[in-house]
Protein chains: 2
Amino acid sequence: MKPVFITPSAQPSARWYQAFPDLQIIPTVKAYLTRVHRPGDGCWLDISPFDNDQAQSAIVALAAEDIRVMVLSYLPSEAEAYGMLSSGARGYCHAQAPPSQLQEVATAVMAGGYWMPPILLQRLVSAAIRIDSGPPIAIPQGFESLTEREHQVALEVGRGANNREIATTLAVSERTVKAHLTSIFDKLSLRDRVQLALLVNRLPVH
Amino acid sequence: MKPVFITPSAQPSARWYQAFPDLQIIPTVKAYLTRVHRPGDGCWLDISPFDNDQAQSAIVALAAEDIRVMVLSYLPSEAEAYGMLSSGARGYCHAQAPPSQLQEVATAVMAGGYWMPPILLQRLVSAAIRIDSGPPIAIPQGFESLTEREHQVALEVGRGANNREIATTLAVSERTVKAHLTSIFDKLSLRDRVQLALLVNRLPVH
DNA sequence: TTCCGACATGTACCAAAGGGCAATAGTGAG
DNA sequence: CTCACTATTGCCCTTTGGTACATGTCGGAA
């Protein structure tokens, strides 16, 4: 699949062509969305013609279609990066980044990952740590009290499996799965599998 | 280059082998570091034998050699993820993640990117940007097709509420809640409330 | 050997979830 | 005004989920 760049510029950067000789230019987001595209596709978005709000709207619209958006900025900044990423962008880099870096970004993002300048990620993480360090996170107490089998069942529930599927996966009867679940609910003081699924994924429950 | 897993376990997860049939096992970090390795190499680190500090020291030691560390945790948590990433890890995922996800992580990281569960990145960005504050629910793909009421029901399910509770919260009958749920499942192609709960929280479903 | 915990299952039973059918109502576009 | 969509709810039925009570195996600790 050809790399797609959404940019109004008739004369796109030479670096882009160096990175992706077969790239395709689309002038607007609207044109891109009316064109053939599928969930999981990736696209580059040149945000230079937009202000911050317009850019974020564009990303949201693309992300809604499950398009992986890689943002190209001519004036990258930390604040801008956070804005773009929080709107759903998966990549953020300088529009004039070296071709090899552009290729890196594309590879990482198309593999399901994210890409941002390393320094940014570092700052992001340390910021989050500062913010997070105060309030103690509700840690799933007692998870280690589960037996191996119960642990396996819990993980399956955390992925959305129903009893029949778990039984098949673990090669036991549905009755056995139920027994493990009852034991898990008891040990972790949970009400039902929905709460378990959330807990397994470290999410707050009601 | 063969994928390297640093783990003391003599019987590593079958999923790892499914993802990387030619993987290599190294029992300790020390053994890895005395072995041939080059800057830019990647390695998987099973942190189950370590406590938090030991794990971070190990990552720092590896990162100092410019090794790209991908952390495998059997009990992933937000706090742990931040700790590992801030120590220099480039990837962080569940040790029992599906093989396809492990491959994704490897591809993203070896391309110079980072990989962490989408929900984490989202929260990370939110935290940094200080938009966080409580229920930061911007909704994933497909949710725009939901009506306002369906949206409310979906959010409640995402917090682990059962039908009775949702009915009380929204001041309608349980039957109405069920009707909304049926409509939601239909629109989003979901099977049951567990899958909905996961989707609302941007987690992968089965 | 005996006792215990983890694991596995069966029969029942009750509760919750999910859905088909149908009716009533409000709202906004054409 | 009519049509489409949404919201709400009742009746009723099926499928799942979750528990209670019991039985049986197996391996390790006392």
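Just so it is clear: chains get the letters A, B, ... in the order the sequence lines come, proteins before strands, and each one is counted from 1.
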Which whole-number value in Å describes the distance from B:H180 NE2 to D:dT6 C1'?
8 Å

What one-letter contact string describes nucleotides 13-27 of chain D from 5' to 3', where B marks a base within less than 4.0 Å of any protein heavy atom, S marks contact via sugar-phosphate atoms alone, and - marks no contact?
---SBBBBB------

Using the ring of each side chain (for Trp, its six-membered ring), is B:F20 parallel, tilted or perpendicular to B:F5, with breaks at 30° and 60°?
tilted

Name all residues meeting the side chain to side chain donor-acceptor pair (under 3.5 Å) criterion together with A:Q152; count only those two or more places apart in sequence or in a different chain, and write none if there are none.
A:E148, A:R149

Testing the 3.5 Å rule here: is there a donor-acceptor pair between the side chains of B:N163 and B:R193?
yes

Give a yes or no on this: more than 12 heavy atoms of other residues, nucleotides or ligands lie within 6.0 Å of atom CZ of B:R35.
yes

Check every strand shown and say whether A:T147 touches a base, only sugar-phosphate, or nothing at a heavy-atom separation below 4.0 Å.
sugar-phosphate

Is B:E150 salt-bridged to B:K187, going by a charged N under 4.0 Å from an acidic O?
yes

Can we say B:E165 and A:R191 salt-bridge, meaning some charged N sits less than 4.0 Å from an Asp/Glu carboxylate O?
yes

Reading DNA chain C from 5' to 3', where do the contacts with chain B start and stop? Cut-off is 4.0 Å to heavy atoms.
C:dA16 to C:dC21

Heavy-atom pair with the smallest gap, counting every atom of A:L190 and A:L196:
CD1-CA, 3.7 Å

Centroid-to-centroid, A:Y92 to A:W115, below 6.0 Å?
no

